[in-house]
Amino acid sequence: MAAGDGDVNLGTLGSGSESSSDGSSESPGGAGAAAEGGGWPAAALALLTGGGEMLLNVALVALVLLGAYRLWVRWGRRGLGAGAGAGEESPAASLPRMKKRDFSLEQLRQYDGSRTPRILLAVNGKVFDVTKGSKFYGPAGPYGIFAGRDASRGLATFCLDKDALRDEYDDLSDLNAVQMESVREWEMQFKEKYDYVGRLLKPGEEPSEYTDEEDTKDHNKQD
């Protein structure tokens, strides 16, 4: 959904073999000669040299096994998530691209991820299809409270409580300049990552009629 997990410092493991290059021969006979000429220190050095190489080999095998395990965990979890319908991209993969249209608050609430796999939310009067981010905006996601709703106030005030949601149309007129700028920044971020599918209608406002040409042109801009 960290760098450095399971990292091993190989420099310390190779130090024994490097130190051995200063003295005795690397051949089996050389180790015995070193033991006879230098006594116990030379014999211990020869023993450590062989042990260092063994430790290095063990460390390399451990790294390979660790990498294989981490790959298995990553792909295994992804496969399990897709099977349970909880993967980030699996719900979106089976859905056709949504044609552009406008939504009232009541229509928007139908797309909360519980009644239909498709998930929509509104930011600053724009409606976005965030189905491919269902890991975050689905019913069990950390931002699931915004699914099928106008998320503008919650994003502007950094509030994930129900107090940030309005059952009626929210014109955001009580937000200050800093909060409104935050709303616009969020709008731009959603435009870059998700499909813009239409406007959030004000009370009494009629929906626009979008042609197939307009719909295709708008999607091509996002691609």
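- Remark: E187 engages V123, N124, K126, F128, K191 in a side chain to side chain contact (heavy atoms under 4.5 Å, CB included) (not counting sequence neighbours).
- Ring planes of Y137 and F190: tilted class, angle from 30 to 60°.
- Taking the side chain to side chain donor-acceptor pair (under 3.5 Å) definition, one finds that R199 meets it with D102, E205, S208, sequence neighbours left out.
- At distances below 3.5 Å, at least one donor-acceptor pair connects side-chain atoms of S104 with backbone N or O atoms of Q107.
- Two residues are said to be in side-chain contact when any heavy atoms from C-beta on lie closer than 4.5 Å; Q179 and T157 meet this criterion.
- Every residue two or more places apart in sequence or in another chain that forms a side chain to side chain donor-acceptor pair (under 3.5 Å) with D174 is listed here: R153.
- Counting heavy atoms of neighbouring residues, nucleotides and ligands inside a 6.0 Å radius, atom CD of E206 does not exceed 12 of them.
- In the hydrophobic clustering of this structure, I145 groups with V130; members are Ile, Leu, Val, Met, Phe, Trp, Tyr whose side-chain heavy atoms approach within less than 4.5 Å, directly or through other members.
- Annotation for I119 and G113: closest pair CG1-CA, 3.7 Å, computed over non-hydrogen atoms.
- Partners of A122 by side chain to side chain contact (heavy atoms under 4.5 Å, CB included), not counting sequence neighbours, listed by chain and number: L108, V127, D150, L200.
- The cationic atom of R109 (NZ for Lys, CZ for Arg) does not lie both less than 6.0 Å from the six-membered ring centre of Y111 and within 45° of the ring axis.
- Evaluation of the side chain to side chain donor-acceptor pair (under 3.5 Å) rule for D167 yields R149 as partners, not counting sequence neighbours.
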- [ ] Dump the intermediate steps for side chain to side chain contact (heavy atoms under 4.5 Å, CB included) on V197 and F103, then the final yes or no.
- [x] CA-CA 9 Å; V197 295; F103 300 83; 3.9 Å; yes
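- Taking the salt bridge (Lys or Arg N to Asp or Glu O under 4.0 Å) definition, one finds that K202 meets it with nothing, sequence neighbours left out.
- The pair D112-R115 meets the salt-bridge criterion, since a charged nitrogen lies less than 4.0 angstrom from a carboxylate oxygen.
- Here the options are K132, R97, K99, the test is salt bridge (charged side-chain N to carboxylate O under 4.0 Å, His left out), and the partner is D195; only R97 passes.
- The heavy-atom pair separating A164 from G154 by the smallest distance is CB-CA, 3.5 Å.
- Ring geometry for F146 versus Y143: interplanar angle under 30°, hence parallel rather than tilted (30 to 60°).
- Listed by chain and residue number, R184 satisfy the salt bridge (Lys or Arg N to Asp or Glu O under 4.0 Å) test with E181 (two or more places apart in sequence, or in another chain).
- Taking the side chain as every heavy atom from C-beta outward, D170 and S152 never approach each other to under 4.5 Å.
- The side chain to side chain donor-acceptor pair (under 3.5 Å) check on D129 picks up R118, T131, with sequence neighbours excluded.
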